[in-house]
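We name chains A, B, ... by the order of the sequence lines, and we start the count at 1 in each one. Computed from a prediction, not measured in an experiment: that's the story for all the values here.
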There are 2 protein chains.
Amino acid sequence: MPKSPLKLLKSQKRNAPPPPAESGFDVPKLARSTLNEEVYEELKQALISGKIAPGSTMTIRSLAQSFGISIMPVREALRRLVAEHVLVLLPNRSVALPLFTPERFHEITRIRTSLEGLAAEEGARHVTPELFDRLTRMTKLMETSPNASPADVLEWNREFHFGLYRASGMPVLVKMIESLWLQVGPLLNLQQQVFAAEKISVYVHHHRALEGLKKKKPAEVRAAIIGDIEDAAKIIGARL
Amino acid sequence: MPKSPLKLLKSQKRNAPPPPAESGFDVPKLARSTLNEEVYEELKQALISGKIAPGSTMTIRSLAQSFGISIMPVREALRRLVAEHVLVLLPNRSVALPLFTPERFHEITRIRTSLEGLAAEEGARHVTPELFDRLTRMTKLMETSPNASPADVLEWNREFHFGLYRASGMPVLVKMIESLWLQVGPLLNLQQQVFAAEKISVYVHHHRALEGLKKKKPAEVRAAIIGDIEDAAKIIGARL
DNA sequence: TAGTGTAATAAGTGATCACAGAGAACACAA
DNA sequence: TTGTGTTCTCTGTGATCACTTATTACACTA
């Protein structure tokens with residue numbers, strides 16, 4: 001089991017003396033974010049961008065040292081990711097990014113079709129013209145940017161899906177789908193690389209969804225999103 | 001916003017000198033459980049048994065004092081429950097059991113029908129004769145125990161549902177459903193009290209499910225479970 | 001009496017320390 | 001060389017302390 005050193009961010013010590021002067025006005029900072037949230041976001045980002053290999057373990061202390069902070073915020077961030085099933089607790093009580101078995105992947109795909117199908121159908125019922133334009137723009141962006149980085153394409157794809165899902169007005173559902181995307185995060189990256197390499201286009205499903213939105217047929221939107229998920233899963237599933 | 005004192009358990013201090021002798025054999029203790037897990041389980045139990053009122057806030061220190069331990073395990077247990085959306089983080093960063101709005105309840109019900117429908121249908125495909133017997137027994141138990149405590153009935157009902165769901169062989173799905181049940185936990189208790197008071201029987205759905213299992217018609221099992229969820233939700237939804 | 005500003009208290013966050021268990025490294029014997 | 005036992009290090013868990021922020025209480029003034 002490889003151990004990832006994970007030198008993500010070498011920030012300065014926190015309890016070192018404060019920066020020299022800091023004279024002048026402070027920015028309002030509406031929502032003071034805590035250190036553990038920053039670590040959480042940082043780790044999440046590392047996961048979805050494929051910087052951490054599935055199966056690798058990580059220790060609290062080494063991460064804390066990489067971040068240049070004490071172990072407390074790292075501890076909380078890791079436990080949160082475990083609670084969200086993004087990381088798993090090994091019997092030794094150390095945390096690891098779970099390995100993807102074909103069974104687990106297949107199961108998550110089935111759950112995704114069920115949940116995202118619901119979100120898509122309900123989102124279709126509440127779609128506004130502005131949202132429709134944004135979704136169209138995202139799809140165009142993906143199609144007409146052959147040289148875009150996989151990370152960019154993934155981000156556009158994410159915006160397309162979640163833009164539609166959020167329109168459902170079902171925040172709990174959206175959170176659950178986000179959690180599922182996080183769990184398949186390491187694979188999404190692989191998926192996009194395969195797509196880019198083999199020039200596979202799954203945008204037919206996006207177009208079907210847009211069509212369904214225009215015709216105000218929520219059931220068609222649902223079918224299109226499910227097709228999108230299943231087609232992508234077929235590619236990845238074959239490579240597990 | 002009421003503050004629940006929550007005197008759950010007055011255990012002895014942890015870092016007090018160890019018990020006098022402890023001579024004799026220790027039980028093997030396969031999985032050494034940590035203090036934060038115990039607190040987590042304890043709080044979970046308090047939630048599903050309705051001991052904590054929705055909307056009430058709780059503080060780390062007061063809980064720690066109730067348990068007679070330091071704040072660390074309580075801190076981790078609370079954050080875990082927040083990560084699982086059982087508790088919410090208020091803007092003040094204090095935690096609370098969320099209030100149930102009709103919208104949230106309705107949304108969770110829709111998600112439940114989607115997810116539990118899937119689990120029921122898939123469970124029906126893998127049901128064994130032994131499991132069928134157990135499910136039949138649970139239903140009989142519920143029907144023929146007019147004086148059973150609501151907590152007992154809830155437990156039997158839970159075993160019926162999750163026994164079926166677990167047969168699906170989809171552990172991720174089962175975990176997600178468990179999380180949803182936890183979120184509606186405070187209402188499940190209310191529900192059972194209403195049922196007991198008004199002698200409402202929802203067991204027709206259980207019988208339909210058993211029938212579907214016997215006839216090997218997974219789709220019918222799905223429909224029965226969805227009917228069960230929606231009927232129960234109708235009762236509760238009307239009282240929100 | 002009502003409103004406001006200040007002091008006192010409580011609570012969450014982060015750092016550090018202490019401890020116990022697991023794992024690795026190493027030395028010694030067969 | 002291989003197996004075994006011991007030691008040492010590493011890691012997670014829990015306790016305690018320090019700090020900052022938010023809430024409450026209280027006193028003073030209009």
Requested in this report: Calculate the interatomic distance between L35(B) atom CG and dT13(D) atom P; express it in whole Å.
Outcome: 12 Å
Requested in this report: Name the closest nucleotide to the R93(B) side chain, picking from dA15(D), dG14(C), dT13(C).
Outcome: dT13(C)
Report task. Show the numbers, then the answer: is there a side chain to side chain contact (heavy atoms under 4.5 Å, CB included) between T101(A) and F105(A)? Result -> CA-CA 6 Å; T101(A) 65; F105(A) 178 68; over 6 Å; no
Report task. Provide, to the nearest angstrom, the distance between the CG atom belonging to L63(A) and the P atom belonging to dT11(D). Result -> 11 Å
Report task. Indicate yes or no: at least one non-hydrogen side-chain atom of E230(B) is less than 4.5 angstrom from one of I226(B). Result -> yes
Requested in this report: Can you figure out which of dA15(C), dG12(D), dA18(D) approaches the side chain of R61(B) most closely?
Outcome: dA18(D)
Query raised in the report: Of the non-hydrogen atoms in L135(A) and E159(A), which two are nearest, and what is the gap between them?
Result: CD2-O, 4.4 Å
Requested in this report: Return the value, rounded to whole Å, for the distance between atom CZ of F67(A) and atom C1' of dA15(C).
Outcome: 17 Å
Pairs of donor and acceptor atoms involving the side chains of residues 77-87 of chain B, under 3.5 Å and at least two apart or interchain, shall be tabulated with distances.
from	atom 1	to	atom 2	distance (Å)
R79(B)	NH1	E76(A)	OE1	3.4
E84(B)	OE1	Y40(B)	OH	2.8
E84(B)	OE2	Y40(B)	OH	3.1

Requested in this report: Check I111(A) against V172(B) and note the closest heavy-atom contact, atom names and distance.
Outcome: CD1-CG1, 4.0 Å
Report summary line: Rounded to whole Å, the OH-C1' distance (Y40(B) to dT13(D)) equals 18 Å
Query raised in the report: Could you give the CD1-to-P distance, from I69(B) to dT16(D), as a whole number of Å?
Result: 11 Å
Requested in this report: Look at E37(B) together with R93(A) and state whether they make a salt bridge at an N to O cut-off of under 4.0 Å.
Outcome: yes
Query - I71(A) CD1 - dC10(D) P separation (whole Å) - result: 15 Å
**Report entry** N36(A) side chain near dT13(C) phosphate (N/O to OP1/OP2, under 4.0 Å)
**Finding:** no
Query raised in the report: Is there a side-chain contact between M170(B) and Y165(B) (heavy atoms, below 4.5 Å)?
Result: no
Requested in this report: Could you check which residues of residues 72-85 of chain A get a heavy atom under 4.0 Å from DNA chain D? Sort them by number, please.
Outcome: R75(A), R79(A)
**Report entry** For E107(B) against G169(A), the heavy-atom pair lying closest together
**Finding:** OE1-O, 4.5 Å
Report task. With the side chain of T34(B) defined as its heavy atoms from C-beta on, choose the nearest nucleotide among dT13(D), dT13(C), dG12(C). Result -> dT13(D)
Below 3.5 Å between N/O atoms, which protein atoms pair up with nucleotides 23-25 of chain D? Just atom names and distances, please.
from	atom 1	to	atom 2	distance (Å)
dT23(D)	OP1	N92(B)	ND2	3.4

Report task. Nearest whole angstrom, please: distance from the P of dG14(C) to the CD1 of I60(A). Result -> 14 Å
Requested in this report: Answer yes or no: is there a side-chain heavy-atom contact under 4.5 Å between L188(A) and I48(A)?
Outcome: no
Query raised in the report: CG of L87(B) versus C1' of dG12(C): gap in Å, rounded?
Result: 15 Å
